[in-house]
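None of the values given here were measured: they were computed from a predicted structure.
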Amino acid sequence: MKAALLTAAFLALVSMSWVQAVWLGRLDPKQLLGPWYILAMASRAKDFMVEKDTKNVEGVMVTLTPDDKLRVQSSRHGPDGCHQSTVELLKRDSRWVYENPSLGVLDYRVLGTNFKDYAVIFTQLEFGDEAFNTVELYSRTEMARPEAIQLFTKWSRGLGFRSQQQAQLQKDFTCANKILQ
């Protein structure tokens, strides 16, 4: 039920911004490929508000598999040091929406991008009995462009994230660089 409400709120916001949707229709998934830093995040995960002040920049490497799945490799700081993971996401009807429900990724989509320097990514996740979503600011560089931060803020606020549910991640690149080297 909670996931359905979050999805409905997201769809309502997206449908209000028809121009944005048309603009993103030009996005080729190949434009998302390559290395990214995650510099900011908004999340409804139950532990996020407690952990957000200690979360470091994350690294993500996005590639396409030969069978057209989006492979997302990430490296983030965890309790035992750097934690790396890989998920493969299946393309939905749209050219820029992916999922893998068997892994708990119900929706992975680009909300906004300038097609080269930054992207704002929405992900809807479900792990066990916890369903939540995130908005993340992907950047090709260690410092985000001002318009990227503005777009991230616009989307996260527009999707109902409170300021306590948003964070600019700590500028520790140790784990991010493990995957981006």
Side-chain angles (χ1 to χ4, degrees), residues 6-7 10-43 56-76 84-125 133-159 161 166-169 171 173 175-181:
L6 292 173
T7 301
F10 172 74
L11 292 175
L13 181 65
V14 170
S15 66
M16 288 186 296
S17 183
W18 183 81
V19 173
Q20 180 80 12
V22 170
W23 180 65
L24 282 177
R26 298 181 303 151
L27 178 64
D28 182 333
K30 291 181 179 146
Q31 292 172 301
L32 191 61
L33 302 183
W36 295 95
Y37 293 100
I38 299 177
L39 301 179
M41 181 183 296
S43 177
N56 295 332
V57 168
E58 299 176 10
V60 175
M61 179 65 74
V62 181
T63 57
L64 272 179
T65 66
D67 55 345
D68 217 20
K69 294 178 185 170
L70 197 66
R71 178 177 291 140
V72 181
Q73 297 172 283
S74 63
S75 181
R76 63 182 47 95
Q84 295 184 9
S85 64
T86 302
V87 296
E88 289 188 357
L89 305 173
L90 312 166
K91 188 187 303 188
R92 287 210 310 225
D93 294 334
S94 173
R95 293 187 334 171
W96 48 272
V97 179
Y98 287 81
E99 67 183 354
N100 192 333
S102 66
L103 296 177
V105 181
L106 305 180
D107 197 327
Y108 179 95
R109 69 176 64 217
V110 176
L111 296 175
T113 182
N114 74 348
F115 296 99
K116 64 178 183 159
D117 299 314
Y118 63 84
V120 177
I121 306 292
F122 172 85
T123 309
Q124 185 173 345
L125 303 161
N133 50 34
T134 65
V135 175
E136 297 171 324
L137 174 57
Y138 281 36
S139 175
R140 297 279 188 197
T141 61
E142 293 179 0
M143 291 288 293
R145 298 171 59 102
E147 64 266 24
I149 294 169
Q150 290 172 347
L151 188 62
F152 167 79
T153 302
K154 174 188 149 195
W155 274 107
S156 56
R157 285 184 184 157
L159 288 168
F161 287 95
Q166 301 173 41
Q168 289 200 21
L169 304 183
K171 302 295 183 207
F173 297 91
C175 292
N177 288 333
K178 288 193 181 289
I179 204 158
L180 300 178
Q181 292 177 352

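Closest approach of L39 to S139, counting heavy atoms only: CD1-CB, 3.5 Å. Taking each heavy atom of V60 and I38 in turn, the nearest pair found is CG2-CD1, 3.4 Å. The two residues S75 and Q84 have their closest heavy-atom pair at OG-CG, 3.6 Å. Closest approach of Q166 and A42 over heavy atoms only: CG-CB, 3.8 Å.
Two residues are said to be in side-chain contact when any heavy atoms from C-beta on lie closer than 4.5 Å; L111 and I121 fail this criterion. Side-chain contact between L32 and Y108 is present, with heavy atoms from C-beta onward closer than 4.5 Å. Within the 4.5 Å cutoff, the side chain of R109 has no heavy atoms near those of the Y98 side chain. Side chains of Q31 and T113 form no contact here, defined as non-hydrogen atoms less than 4.5 Å apart. With contacts defined as side-chain heavy-atom distances shorter than 4.5 Å, the pair V135/L159 qualifies. The shortest side-chain heavy-atom distance between N100 and K69 does not fall under the 4.5 Å cut-off. Between N133 and F161 there is a side-chain heavy-atom pair separated by less than 4.5 Å. Between R76 and C175 the shortest side-chain heavy-atom distance does not fall below 4.5 Å.
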Subject >> Intermediate values then yes/no, side chain to side chain contact (heavy atoms under 4.5 Å, CB included), L64 and L70 >> reply: CA-CA 5 Å; L64 272 179; L70 197 66; 4.0 Å; yes
**OP:** Quick one: do N177 and Y37 satisfy side chain to side chain contact (heavy atoms under 4.5 Å, CB included)? Show the steps, please.
**Re:** CA-CA 9 Å; N177 288 333; Y37 293 100; 3.2 Å; yes
**OP:** Check the pair E142, V57 against side chain to side chain contact (heavy atoms under 4.5 Å, CB included), reporting the backbone distance first and the verdict last.
**Re:** CA-CA 9 Å; E142 293 179 0; V57 168; over 6 Å; no
**OP:** Give the C-alpha distance, both sets of side-chain angles, the deciding distance and a yes or no for side chain to side chain contact (heavy atoms under 4.5 Å, CB included) between D68 and K91.
**Re:** CA-CA 8 Å; D68 217 20; K91 188 187 303 188; 2.9 Å; yes
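Taking CG of L137 as the reference point, atom CG of L169 lies at 9.0 Å (rounded to 0.5 Å). With rounding to the nearest 0.5 angstrom, the CD1 atom of I179 is 7.5 Å from the OG atom of S85. Taking CD from E58 and CE from M41, the interatomic distance works out to 4.0 Å, rounded to the nearest 0.5 Å. Atom OH of residue Y118 and atom CZ of residue R140 lie 13.0 Å apart, to the nearest 0.5 angstrom. Atom CG in L90 sits 6.5 Å away from atom CD in E99 (nearest 0.5 Å). Separating the CZ atom in R145 from the NZ atom in K116 is a distance of 6.0 Å, to the nearest 0.5 Å.
The closest donor-acceptor contact from the side chain of T134 to the backbone of S43 lies at 3.5 Å or more, if one exists at all.
Partner of T123 under the side-chain contact (heavy atoms from CB on, under 4.5 Å) criterion, out of L89, L106, V105, D107: V105 alone.
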